[in-house]
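The basis for the numbers below is simple: all heavy atoms, side chains too, and nothing from hydrogens, waters or symmetry mates.
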Amino acid sequence: MLYNKKRMIIWLSLILPVLLFAKLPQDISFFDHVPKSIEKDYYIYRFLNERNVSSNDAEKLLSEAKVVNLKLFKSFAKRIDDSGFKKASKCLKLKTDALLATDSECIAIGLSVRDAMSLDKNKLRSLYKELKGYRDINETLKVLSSDDVFDESLKNKKDFIDIFNSCGAKNRSAVFDKPLSKEDIDELSHMTGFNRTIEIILTQRDLKNLQKSLLSVNINKKFDADSIFFLGLNALEFNQKNKAIHLFEKAYDKYYYRFDKDKTLFWRYLITKNDKYLDELLESFDVNIYTIYAREKKSEKFTNIISPQIKTAKANYDIQDPFLWLNLLREIKDKNTTQLDKLSSNFRHINTIGQYSFLQERAHGFEHSYFPMPFYNLLENYSKDRIALILALGRQESRFIPASISTSYALGMMQFMPFLAKAMAKKKKIKNFDLDDMFKPKIAYSFANTHLDYLSKYLHNPILIAYAYNGGIGFVRRLLKTGDFFTKSEYEPYLSMELIPYSESRRYGKKVLANYIIYSQLLGRSVSFKSLSQNLMTPKRRDEFEN
């Protein structure tokens, strides 16, 4: 009886917030009853933009926000009767020419390093004098107004890192791609921000002089695992294979996640062709492109993949309530394996397969990889290829949690940004569309399918489609048109997969590709990592931009 009472308390704690939840709240009192969270921030953002909010109420909400990103800041600036807020918001919106016509304070707020570098030296020197009272930007302008920005920035290594990291790809190529001395490299390597500098140098593939300079780097405790891994790739590009292997070993020891450890094993195998690395990959519990590669090489199948087929009646649980999901996430933080396993049984229902799979993976320490196919009835009319792609994206985007909200307010299982969701609703002529409709699985899948129709016109490989889904099709077009990616060389296309410029898109693409392969196979399709990789090397099979 005691066990049942405990279980009832847990279950009520998960369900209770549904009594508070509605779509967009009608008045500010709603926010008194929900915890500080990204979910709350999303509703504050909508409330500020879609309701008549007084300045006092907006100020109250400002104190209740968890993260005031730029989007939320601009929304507050519209409502709060504060000249500083409004001015900052306005200055951040202005284009360079209009910004320079304002006062010193506004310029100091709104002028970016990238935009400053587009100005001529005389204008930069004038601004340097004008903005004497604004120390940070003044120091930057002093460097940028010099005749040799590269040499001037190296006088203070912090200036070099700050300007290099924020100046944009074109400026880096034009101004910064020069050899660095070993002394400069040694000093830079102890500076905060140098890990980011290494990533930029290695992923902007035209910075050949800087890349060669990085060969002289000595690893120290400031280096994170990713930096060490990137330096290994750099050594490999300069054919220093032994050094690359050593760096990959160092990265392996420093990495925490199994995915990343497997990455270093994969690269050591590519260099040495030593089967011991494949054998280690076979022992990994993680399902990723590296372990898929090893299993294809060894003709071994995964034994830890579970695709739950659940037909139990719907749970009495509002899958469209983001606060209910938030409550569950908080509930499981201190749960042990047994407790998580018991809790997951509450979600072993046809409408909560995503929650069930999420809990089961954690209950078993991620030794089992769950590939659920929730709401499959909504996908049955699509091709098997499209189903596999939607499921691959959905698993990575949200783990099929219908009420997911990201830090940038991407919504639902398929994580649509509000602007894209609204545009899609208009295209589909959906009347009275509310952004919370993205929490409905039918809407989420339908919108994703339509968006994929568009992306698939130009991109033919799932990893490229994943990059575009995450970073936009313009990002992928620019990437391919550089001619620096997926070229014919010894370690391609794998090297390009590791050097995609944006870290989120880089990791996301590899995860989605692995999901796509597994889902394709679960759906009875013959799809391999090898064939998909080979297709990346053939422009006609890859995309429509270069053909």
Side-chain angles (χ1 to χ4, degrees), residues 195 199 223-233 244-272 274-298 300-308 329 332-333 335-337 340-341 344 357-372 392-393 395-400 463 466 470 494-495 497-500 503-519 521-522 528-529 533:
N195 284 304
E199 180 181 1
F223 284 66
D224 62 27
D226 279 336
S227 292
I228 299 169
F229 176 75
F230 279 125
L231 291 172
L233 293 178
I245 292 170
H246 172 71
L247 289 165
F248 291 146
E249 289 171 350
K250 290 285 188 184
Y252 178 95
D253 291 338
K254 200 156 191 174
Y255 272 129
Y256 174 78
Y257 291 106
R258 189 67 239 180
F259 172 94
D260 294 308
K261 288 182 176 291
D262 291 343
K263 177 173 64 179
T264 68
L265 293 170
F266 171 82
W267 278 97
R268 280 181 275 173
Y269 171 76
L270 288 186
I271 297 169
T272 65
N274 189 329
D275 273 15
K276 74 175 184 178
Y277 298 117
L278 290 183
D279 292 337
E280 285 189 63
L281 284 168
L282 292 180
E283 293 175 6
S284 171
F285 62 82
D286 198 48
V287 178
N288 55 57
I289 59 170
Y290 312 110
T291 54
I292 289 173
Y293 176 93
R295 289 183 180 278
E296 286 182 7
K297 279 280 186 182
K298 292 285 192 175
E300 296 260 359
K301 293 184 177 181
F302 285 100
T303 58
N304 64 331
I305 288 175
I306 297 174
S307 184
L329 288 177
I332 68 176
K333 279 186 178 179
K335 294 271 185 282
N336 60 34
T337 296
L340 284 170
D341 196 42
S344 72
S357 300
F358 181 90
L359 292 169
Q360 277 290 300
E361 283 191 331
R362 280 149 186 77
H364 297 283
F366 296 94
E367 291 184 2
H368 297 119
S369 293
Y370 276 69
F371 285 79
L393 291 164
R395 184 177 189 269
Q396 185 58 28
E397 289 284 359
S398 69
R399 280 301 194 272
F400 302 109
I463 197 168
N470 179 258
Y494 313 118
L495 188 61
M497 291 181 190
E498 306 293 3
L499 295 177
I500 296 299
S503 58
E504 180 185 320
S505 295
R506 182 189 316 133
R507 196 174 189 89
Y508 179 91
K510 290 185 285 185
K511 294 272 192 176
V512 170
L513 181 60
N515 291 347
Y516 174 80
I517 292 167
I518 299 302
Y519 275 119
Q521 292 174 354
L522 289 171
S528 69
F529 179 55
S533 300

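Judged purely by distance below 3.5 Å, without hydrogens or angles, the side chains of Ser505 and Asn470 pair a donor atom with an acceptor atom.
Within the model, atoms CZ of Arg258 and CZ of Phe366 stand 14.5 Å from one another, a figure rounded to the nearest 0.5 Å. For the atom pair Phe266 CZ and Ile292 CD1, the distance stands at 11.5 Å (nearest 0.5 Å). Atom OH of residue Tyr277 and atom OG1 of residue Thr264 lie 9.0 Å apart, to the nearest 0.5 angstrom. The CD atom of Glu300 lies 12.5 Å from the CG atom of Leu281; values are rounded to the nearest 0.5 Å. Rounded to the nearest 0.5 angstrom, Ser398 OG and Phe400 CZ are separated by 7.0 Å. Separation of atoms CG (Leu265) and NZ (Lys276) is listed at 10.0 Å; rounding is to 0.5 Å.
The heavy-atom pair separating Pro372 from Ser307 by the smallest distance is CA-OG, 4.4 Å. Of all the heavy atoms in Asp341 and Ala363, the pair that sits closest is N-CB, 3.9 Å. Here the closest non-hydrogen pair linking Arg295 and Ser284 is NH2-O, 4.4 Å. Contact detail for Asn195 and Asp224: the closest heavy-atom pair is OD1-N, 3.1 Å.
Residue Lys250 places its NZ atom among 12 or fewer non-hydrogen atoms of other residues, nucleotides or ligands, all under 6.0 Å distant. Atom CZ of Phe302 sits in a crowded spot, with more than 12 heavy atoms from other residues, nucleotides or ligands closer than 6.0 Å.
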Next item on the list: Take Glu361 and Ile306 through the test side-chain contact (heavy atoms from CB on, under 4.5 Å) and record every step on the way to the result.
Entry: CA-CA 10 Å; Glu361 283 191 331; Ile306 297 174; over 6 Å; no
Next item on the list: Go through the steps to decide whether Leu270 and Tyr293 satisfy the test side-chain contact (heavy atoms from CB on, under 4.5 Å), and finish with yes or no.
Entry: CA-CA 11 Å; Leu270 288 186; Tyr293 176 93; 3.8 Å; yes
Notebook entry, point to check: Given the rule in the side-chain contact (heavy atoms from CB on, under 4.5 Å) test, do Arg395 and Lys511 qualify, once you have shown the distances and angles that lead to the verdict?
Noted result: CA-CA 9 Å; Arg395 184 177 189 269; Lys511 294 272 192 176; over 6 Å; no
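The pair Arg506-Glu199 meets the salt-bridge criterion, with a side-chain N (NZ, NE, NH1 or NH2) lying under 4.0 Å from an Asp/Glu carboxylate O. The pair Lys298-Asp275 meets the salt-bridge criterion, since a charged nitrogen lies less than 4.0 angstrom from a carboxylate oxygen. A salt bridge links Arg507 to Asp260: at least one charged side-chain nitrogen sits closer than 4.0 Å to a carboxylate oxygen.
Aromatic ring centroids of Tyr370 and Phe358 lie 6.0 Å or more apart.
The aromatic rings of Phe248 and Trp267 lie tilted to each other, with the angle between the two planes from 30° to 60°.
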